[in-house]
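Remarks on the structure that follows.
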Amino acid sequence: MNFADSEVVASIMSEIGVETTNDEMEADIIFINTCSIRDNAEQKIRHRLKHLRHNKKQNKNLTIGILGCMAERLKKQLLEEEKLVDIVAGPDAYKELPILLREVEDGHKAINVLLSLEETYAEIQPTRLNSNGVTAYISITRGCDNMCSFCVVPFTRGRERSRNPESIVAEAQDLVSKGYKEVTLLGQNVDSYLWYGGGARKDFDKLTEDEKASSVSFANLLEKVAQVDPTLRVRFSTSHPKDIHDEVLFVMKKYDNVAKHIHFPAQSGSTRILEKMNRTYTREWYEMKYNRIKEVLPNCGVSCDIITGFCSETEEDHQATLDLMRTCEFEFSYMYFYSERPGTLAARKYEDDVPEDMKRRRLSEVIEAQHEVSRKLNAAQLGKIHRVLVEAQSKKNADEWMGRNEQNLKVIFPRSTYAIGDYVDVRIEKTTTASLIGVGVS
Ligand code: SAH
Ligand code: SF4
């Protein structure tokens with residue numbers, strides 16, 4: 001999400017003649033796009049700011065801006081605490097950056113952290129940064145209307161808004177015309193995408209008859225993007241278990257170019273903890289939805305996010321999470337230990353009472369459980385053929401390519417005559433926990 005935002009910012013800057021550079025020491029403006037989801041993400045930014053002192057000494061005209069969630073969360077406080085910072089701009093204020101830069105030129109510190117009910121940057125053509133020319137992100141919603149008790153996103157990124165579908169399709173078409181082969185539609189909860197003409201999210205039942213008639217759901221949107229070009233691979237993330245519906249699964253089934261992968265964060269395997277997290281589903285509901293995915297799309301990869309050590313989590317709750325991971329066998333998971341975020345429901349209502357060493361121990365058990373599952377699932381791919389989109393040179397060996405299969409797993413294979421952007425059928429000959437290794441056969 002942040003990456004997609006940085007591309008929007010780069011585009012806004014290019015309109016006023018400011019170009020991006022890969023050489024930090026050459027830059028006259030450094031914008032740091034921040035994340036507040038976990039405390040350590042914020043600590044990293046504080047650290048980074050310390051290093052930037054050196055840059056400011058070298059270049060007296062250097063302007064430093066903090067953008068995104070941390071700007072929104074800490075607002076003016078950030079300017080006071082970090083003397084180095086000249087600009088603080090929240091996630092809905094990027095279009096104001098040219099004005100904020102002028103204020104800095106006039107010798108002031110500049111801040112805009114107003115959240116919006118409408119801003120989706122729909123009309124902005126993102127400038128692709130560090131692009132491989134093959135894969136790109138397209139934001140389809142901003143903000144989040146859920147109130148998961150551990151999560152700061154609704155506070156830092158504001159109310160959920162869906163972006164005009166025509167602008168999304170146009171962005172996908174533009175990417176295809178530039179040779180891109182894969183797009184990922186991005187939103188905190190893609191299944192709740194609902195276009196009815198703009199503005200803050202509304203439930204379908206609350207729309208007027210006219211709005212209903214012209215509304216576009218996520219399933220409709222996915223179909224429109226899938227139809228842009230049959231060789232464009234379409235992905236999306238993230239699916240909230242409470243909102244995923246059959247229509248989306250049917251579109252995935254109908255279109256070969258919609259990758260068979262769903263990022264489907266459970267967060268915990270314990271219904272008691274899920275309730276405390278305000279995820280609004282139970283363990284049984286999660287498994288039912290998971291089974292439905294596999295019923296409609298037997299080949300679909302499912303990945304997960306897990307938090308260990310949430311408030312009051314007992315050993316039994318933790319075992320329930322390990323059990324969920326062994327039952328559902330996720331292709332991969334992003335796993336974290338709970339980090340209390342100021343202002344969230346959990347910070348206000350619950351005690352952060354699981355000691356850090358216990359959170360960490362549980363996290364390592366969860367990681368080990370995932371590795372075991374990954375090893376098993378990957379080993380079962382030996383001899384099978386996967387359709388891989390070549391993305392880049394393998395990090396470890398310049399003679400090999402790295403690409404991803406439909407399930408979003410990394411596949412490594414010899415270069416041969418293939419090129420970045422090719423779809424290659426790869427026969428799997430070796431596997432590790434994190435990747436499949438094979439040879440091109442197409
Ligand atoms: N909208 C997505 C999640 C976005 S945040 C969803 O609902 O699934 C990405 C992940 O960060 C979450 O899935 C969660 O696992 C993790 N996360 C969020 N807040 C956290 C916190 N306070 N401590 C630890 N992990 C957290
Ligand atoms: Fe955070 Fe929950 Fe919204 Fe995801 S759905 S961004 S976890 S509040």
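Order of listing sets the numbers, starting from 1, for every ligand and every atom in it.
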Contact between ligand 2 and R157 is defined here as a heavy atom of the residue under 4.0 Å from a ligand atom; is it met? no
Which of the ligand 1 atoms, numbered from 1, are nearer than 4.0 Å to a heavy atom of R341: 22 (N)
So the atoms of ligand 2 within less than 4.0 Å of a heavy atom of Q188 turn out to be 6 (S)
Closest protein heavy atom to atom 23 (N) of ligand 1, given as residue, atom name and distance to 0.1 Å: S339 N, 3.0 Å
Show which atoms of ligand 1 fall inside a sub-4.0 Å distance from at least one heavy-atom site of Q188. 1 (N), 2 (C), 3 (C), 4 (C)
Are R279 and ligand 1 in contact, using a heavy-atom cut-off of under 4.0 Å? yes
Side chain or backbone of I37 under 4.0 Å from ligand 1, or both, or neither, by non-hydrogen atoms? both
Under 4.0 Å from one or more heavy atoms of Q267, ligand 1 contributes atoms 8 (O), 12 (C), 13 (O), 14 (C), 15 (O)
C144 heavy atoms, cut-off 4.0 Å: which ligand 2 atoms fall inside? 3 (Fe), 5 (S), 6 (S), 8 (S)
Would you say ligand 1 has an N or O under 3.5 Å from any N or O of D305? yes
What do we get for R38 next to ligand 1 when only non-hydrogen atoms under 4.0 Å count, side chain, backbone, both or neither? side chain
Would you kindly specify which portion of F337 sits under 4.0 Å from ligand 1, judged on non-hydrogen atoms: side chain, backbone, both or neither? backbone
Partner of H240 by ring-ring contact (aromatic ring centres under 6.0 Å, His included), out of F264, W285, Y281, Y286: Y281
